[in-house]
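Just dropping this structure here.
The chain is numbered in sequence order, starting from 1.
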Amino acid sequence: MKKIGFLSFGHWSPSPQSETRSAGDALLQSIDLAVAAEELGADGAYFRVHHFARQLASPFPLLAAVGARTKNIEIGTAVIDMRYENPLYMAEDAGAADLIAKGRLQLGLSRGSPEQVIDGWRYFGYQPDEGKSDADMGRSHAEVFLRALKGEGFAEPNPRPMFPNPPGLLRLEPYSDGLGERIWWGAGSNATAIWAAKLGMNLQSSTLKDDETGEPFHVQQAAQIRAYKQAWKDAGHQRTPRVSVSRSIFALVDDRDRAYFGGGGREQDSIGYIDQTTRAIFGRSFAAEPDALVKQLASDEAIAEADTLLLTVPNQLGVDYNAHVIGSILKHVAPALGWR
């Protein structure tokens, strides 16, 4: 395991039990947690994007703010739902955020998951082409976005522009060199992982995937990663791809940890449906004393296949406690997994 970061969904609720009671709280605390994680030595600060929900929804202002407040930590998403995105406008936002962060952006994209409203992308002005699905539309948006990040000119210049143009067709600005190699795809199936490999995207695999074989979650996820790596090799890409997996992991090292997570939780995989036809398997959570955690995680085949581990954090418990959660894993568990 080369890198360990955190993944926050940025939940907020006006409930008195929540430390994150407004959208402003969620955004500002996300920045503070990224700063704290960098001070602890974590490698990445990642954020989930959900629309029409009391969660983080507009990633680029947040990513730019985190980039301005930090110096070394990777800053990313896991994931942006591409069904909702204008890929060219997104390329401009991504280029600007990456320049502010001095080349530390790691953008995770996806075709999207079930949302809070029916066909929410309709309200953003998008509609699949005739005979295509919303998933097809999300992947198509991603392909346009990847082409834009190459920095090649494609737009015919005005012969009488307001300002002088460089010669040839014009590209989108600002352009950040190298960002195109730091794009990830959140794959829910083996087939989409293989598709991502062919296009040269890194792979993000979360705490759920399509249940394709009936085997335990980590076994299926490991098989997905191996299929991705083989497809990457077959495509002839020259660089080494990166692969992340997400896990809910809590080291029980003090009374707070035991109060929040010591009573046991989802210690087994579970099965559900993410739409009317797609059966999915959801990976278990981990909460135990550090020595027990090390043994449990050592047998996780997908963690062994990946180079990056993203720790999902309970952000509504506040910045201080979540910094403690991250720090406990880095200190008591990560070294035994081969980190650093």
Practice task
Determine the minimum heavy-atom distance between P59 and T77, stating which atoms define it.
Solution key: CB-CG2, 3.9 Å
Exercise for the section: Measure from the side-chain N and O atoms of S18 to the backbone N and O of T20, and report whether any donor-acceptor pair falls under 3.5 Å. Expected result: yes
Problem - Within one Ile-Leu-Val-Met-Phe-Trp-Tyr cluster: L7 and F250, side-chain cutoff 4.5 Å - result: no
Practice task
With rounding to the nearest 0.5 Å, note down the distance linking CD in Q29 to CG in D32.
Solution key: 7.0 Å
Exercise for the section: Decide whether D257 and H324 meet the rule of one side-chain donor and one side-chain acceptor closer than 3.5 Å. Expected result: yes
Fill in the blank from the handout: A148 and L88 have their tightest heavy-atom pair at CB-CD2, 3.9 Å
Practice task
Determine, stepwise, if the pair R226 / N190 fulfils side-chain hydrogen bond (donor to acceptor under 3.5 Å, both in side chains).
Solution key: CA-CA 9 Å; R226 288 191 290 269; N190 291 3; over 6 Å; no
Problem - Centroid separation Y123 to H51 less than 6.0 Å - result: no
Problem - Non-hydrogen atoms of D307 and R242 that approach each other most closely - result: OD2-CA, 3.2 Å
Practice task
Check E305 against K229 and note the closest heavy-atom contact, atom names and distance.
Solution key: O-NZ, 2.8 Å
Practice task
Answer yes if the side chains of D234 and Q230 hold a donor-acceptor pair under 3.5 Å, and no otherwise.
Solution key: yes
Problem - Backbone N/O of E212 and side chain of Q220: donor-acceptor pair under 3.5 Å - result: yes
Problem - Single-linkage hydrophobic cluster, 4.5 Å side-chain cutoff, L33 and I4 together - result: yes
Problem - Sole residue of I329, V333, T312 in side chain to side chain contact (heavy atoms under 4.5 Å, CB included) with I249 - result: I329
Problem - N/O donor-acceptor pair under 3.5 Å between D269 side chain and R284 backbone - result: yes
Exercise for the section: Please check if V35 and L40 belong to a single hydrophobic cluster, counting links between Ile, Leu, Val, Met, Phe, Trp and Tyr side chain heavy atoms closer than 4.5 Å. Expected result: no
Problem - Same apolar cluster (I L V M F W Y, side chains within < 4.5 Å links), F286/L311 - result: yes
Practice task
Could you walk me through whether E173 and R171 pass the salt bridge (charged side-chain N to carboxylate O under 4.0 Å, His left out) test, one step at a time?
Solution key: CA-CA 6 Å; E173 301 289 355; R171 70 184 184 187; 2.9 Å; yes
Exercise for the section: Say whether, by atom type as modelled, one donor and one acceptor occur between the side chain of H11 and the main chain of Q316 under 3.5 angstrom. Expected result: no
Problem - Short side-chain to backbone donor-acceptor contact, S189 and T192, under 3.5 Å - result: yes
Exercise for the section: Quick one: sort the W232 and H237 rings into parallel, tilted or perpendicular, breaks at 30° and 60°. Expected result: tilted
Handout entry: Heavy-atom neighbours of D255 CG exceed 12 at 6.0 Å
Key = no
Handout entry: Donor-acceptor under 3.5 Å (S140 side chain, D136 main chain)
Key = no
Exercise for the section: Determine, using the 4.5 Å side-chain heavy-atom cutoff (strictly less than), whether L208 and I80 are members of one ILVMFWY cluster. Expected result: no
Practice task
Flag this pair as yes if the NZ/CZ of R256 is under 6.0 angstrom from the six-membered ring centre of Y260 and inside a 45 degree cone about the axis; otherwise no.
Solution key: no
Handout entry: Criterion salt bridge (charged side-chain N to carboxylate O under 4.0 Å, His left out) on R182 and D98, from CA distance to verdict
Key = CA-CA 10 Å; R182 288 178 271 115; D98 194 46; 2.9 Å; yes
Exercise for the section: Would you check if the side chain of Q221 reaches a backbone N or O of S206 as a donor-acceptor pair within less than 3.5 Å? Expected result: yes
Problem - Pairs flagged by salt bridge (Lys or Arg N to Asp or Glu O under 4.0 Å) wherever residues 104-128 is involved - sequence neighbours left out - result: R111-D134
